[in-house]
Amino acid sequence: MIISLYALDNGMIRIVQQSLLGSILSNMLLVLGCAFFMGGVIHHQKEQVFNKAAAVVNSGLLLMAVMGLLFPAVLHFTHTELHVGKSELSLSRFSSCVMLVAYVFYLVFQLKSHRNLYDPVDQTQGENGGVTDEEEVAVITHWEAISWLAILTAWISFLSGYLVNAIEGASQSWNMPVAFISVILLPIVGNAAEHASAIMFAMKDKLDISLGVAIGSSTQIAMFVIPFCVVVGWIMGKSMDLNFQLFETATLFITVIVVAFMLQEGTSNYFKGLMLILCYMIVAASFFVHVDPEHTGHDNN
């Protein structure tokens, strides 16, 4: 989000949109796929299970986010705006406010009213008489964790400017589309820590935590970070909207549908993970040959 806000402040609307979209695609396909694959390989003798009810809630929120992104794009490309150039932006801002309200209620639902719905599945229950995994000792204290978080946040804020400004130059020197760097390469580097932690927990047979990292992060970006950037852009006077272009919106829609089907049974294995990874390879190849159309008006404000 720090990188997105810096790019937004510099008027790089498409960089903001594509990097956020790429983070969602990376978490849902690559991170979750690698977690399923490695967990399935390590625990090949059984099918790993996770909390299906929580996964269904997150899938519903992601579909709601797709709806919020779909209508401004369709409105724009069908040329059916009531006020040309204004209706699309107004709809995006209204939808963003609705999505933020939905995310607040989701937090209440998750942390207060239905906390039991998010209890991790006891995978050892019935196998060894209810004996659970031994408790892990904390490596650092609570305040040490907060201190490291503050230090790393400040460091990322400092580096975000260099990173955003280097995208155009990297595109020219590497002969790669800006869309491929923003949607594929940038999120892979940015999600490296999430990627590693999701795989680690899956290998420890703690899939609920892996799903919280991968799907939970995607839900947060889709339902909070993207609408938040639209609202912040509104305050800044930037024309940040939810029109991510048809190609990007269609990619997100298909991704959400595929992942929702993978999660509906509440079980995982290495083959499901492999399919998600291969789907991500198709997405990456698609963006490598995709030329981002000129989006007049976005980068002028």
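Because the structure is predicted, anything quoted here is derived from the model rather than measured.
Nearest heavy atoms, Asn27 versus Ser217: ND2-OG, 3.3 Å. Taking each heavy atom of Gln245 and Phe77 in turn, the nearest pair found is OE1-CZ, 2.9 Å. Of all heavy-atom pairs between Pro177 and Phe288, the closest is CG-O, 3.3 Å. Scanning both residues, Leu100 and Phe228, for their nearest heavy atoms gives CD2-N, 4.1 Å. Scanning both residues, Met240 and Cys229, for their nearest heavy atoms gives CG-O, 3.8 Å. Across every non-hydrogen atom of Ala198 and Ser210, the tightest pair is O-OG, 2.7 Å.
Residues passing the side-chain contact (heavy atoms from CB on, under 4.5 Å) test with Ile199, sequence neighbours excluded: Cys34, Met38, His195, Met203. Looking at residues two or more places apart in sequence or on another chain, you find a side-chain hydrogen bond (donor to acceptor under 3.5 Å, both in side chains) between Asn58 and Tyr106, Thr219.
Distance check, rounded to the nearest 0.5 Å: CE of Met281 to CD1 of Ile277 gives 9.0 Å. Atom CG of Leu20 is separated from atom CG of Leu252 by 11.5 Å, given to the nearest 0.5 angstrom. Residue Leu246 holds its CG atom at 8.5 Å from CG of Leu70, rounded to the nearest 0.5 Å. The distance from the SG atom of Cys279 to the CG atom of Leu30 is 11.5 Å, given to the nearest 0.5 Å. How far CE of Met275 is from OH of Tyr270: 10.5 Å, rounded to the nearest 0.5 Å. The line from CG of Asp205 to CD1 of Ile42 is 11.0 Å long, rounded to the nearest 0.5 Å.
Panel note: side chain Asp208, backbone Asn51; a donor-acceptor pair is recorded below 3.5 Å. A distance-only check finds no donor-acceptor pair linking the side chain of Gln220 to the backbone of Val225 [under 3.5 Å]. Not a single donor-acceptor pair under 3.5 Å links the side chain of Gln110 to the backbone N or O of Ala54. When atom types are taken as modelled, the side chain of His43 and the backbone of Gly40 share no donor-acceptor pair closer than 3.5 angstrom.
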Quiz item: Stepwise, does the side-chain contact (heavy atoms from CB on, under 4.5 Å) test hold for Ile15 with Val178?
Solution: CA-CA 8 Å; Ile15 299 295; Val178 174; 3.7 Å; yes
Practice problem: Check the pair Leu276, Phe37 against side-chain contact (heavy atoms from CB on, under 4.5 Å), reporting the backbone distance first and the verdict last. | Solution: CA-CA 9 Å; Leu276 291 176; Phe37 181 78; over 6 Å; no
Practice problem: Carefully, step by step, assess Ser286 and Thr251 under the rule side-chain contact (heavy atoms from CB on, under 4.5 Å). | Solution: CA-CA 9 Å; Ser286 300; Thr251 302; over 6 Å; no
Practice problem: Start with the C-alpha gap between Met99 and Val230, add the side-chain angles, then the distance that decides, and say whether side-chain contact (heavy atoms from CB on, under 4.5 Å) holds. | Solution: CA-CA 11 Å; Met99 291 162 69; Val230 172; over 6 Å; no
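Other residues, nucleotides and ligands place more than 12 heavy atoms under 6.0 Å from the CZ atom of Phe247. For Phe109, the CZ atom is densely surrounded, since the number of other residues' heavy atoms within 6.0 Å is greater than 12.
At a threshold of 4.5 Å between side-chain heavy atoms, the hydrophobic network of Ile, Leu, Val, Met, Phe, Trp and Tyr places Leu75 and Ile226 in two separate groups. There is a path of hydrophobic side-chain contacts, each under 4.5 Å, that joins Ile235 to Leu242. Both Val232 and Phe94 are members of a single hydrophobic cluster when ILVMFWY side chains are connected at heavy-atom separations under 4.5 Å. Put simply, Val258 and Met67 are part of two different groups of oily side chains (I, L, V, M, F, W, Y) that touch within less than 4.5 Å, one to the next. Residues Leu107 and Leu61 share a hydrophobic cluster, clusters being chains of Ile/Leu/Val/Met/Phe/Trp/Tyr side chains in contact below 4.5 Å.
Residues Asn269 and Phe36 are not in side-chain contact: their nearest non-hydrogen atoms beyond the backbone lie 4.5 Å or more apart. Taking 4.5 Å as the limit, every side-chain heavy atom of Leu21 sits out of range of all side-chain heavy atoms of Ile221. Ile24 places none of its side-chain heavy atoms less than 4.5 Å from the side chain of Thr255. Within the 4.5 Å cutoff, side-chain heavy atoms of Val31 are placed close to those of Ser26. Contact annotation: the side chain of Pro187 never approaches that of Leu25 to less than 4.5 Å [non-hydrogen atoms, C-beta and beyond]. By the 4.5 Å heavy-atom criterion applied to side chains, Lys52 and Val56 are counted as neighbours. Between His290 and Glu248, the closest side-chain pair of non-hydrogen atoms falls below 4.5 Å. Contact annotation: the side chain of Tyr280 never approaches that of Met28 to less than 4.5 Å [non-hydrogen atoms, C-beta and beyond].
Contact check on Glu47 versus Lys272 returns no salt bridge, with no Lys/Arg side-chain nitrogen under 4.0 Å from an Asp/Glu carboxylate oxygen.
Partner of Ile181 under the side-chain contact (heavy atoms from CB on, under 4.5 Å) criterion, chosen from Ile184, Val183, Leu185: Leu185.
Using a 30° and 60° split on the angle between ring planes, His76 and His79 fall in the tilted class, from 30° to 60°.
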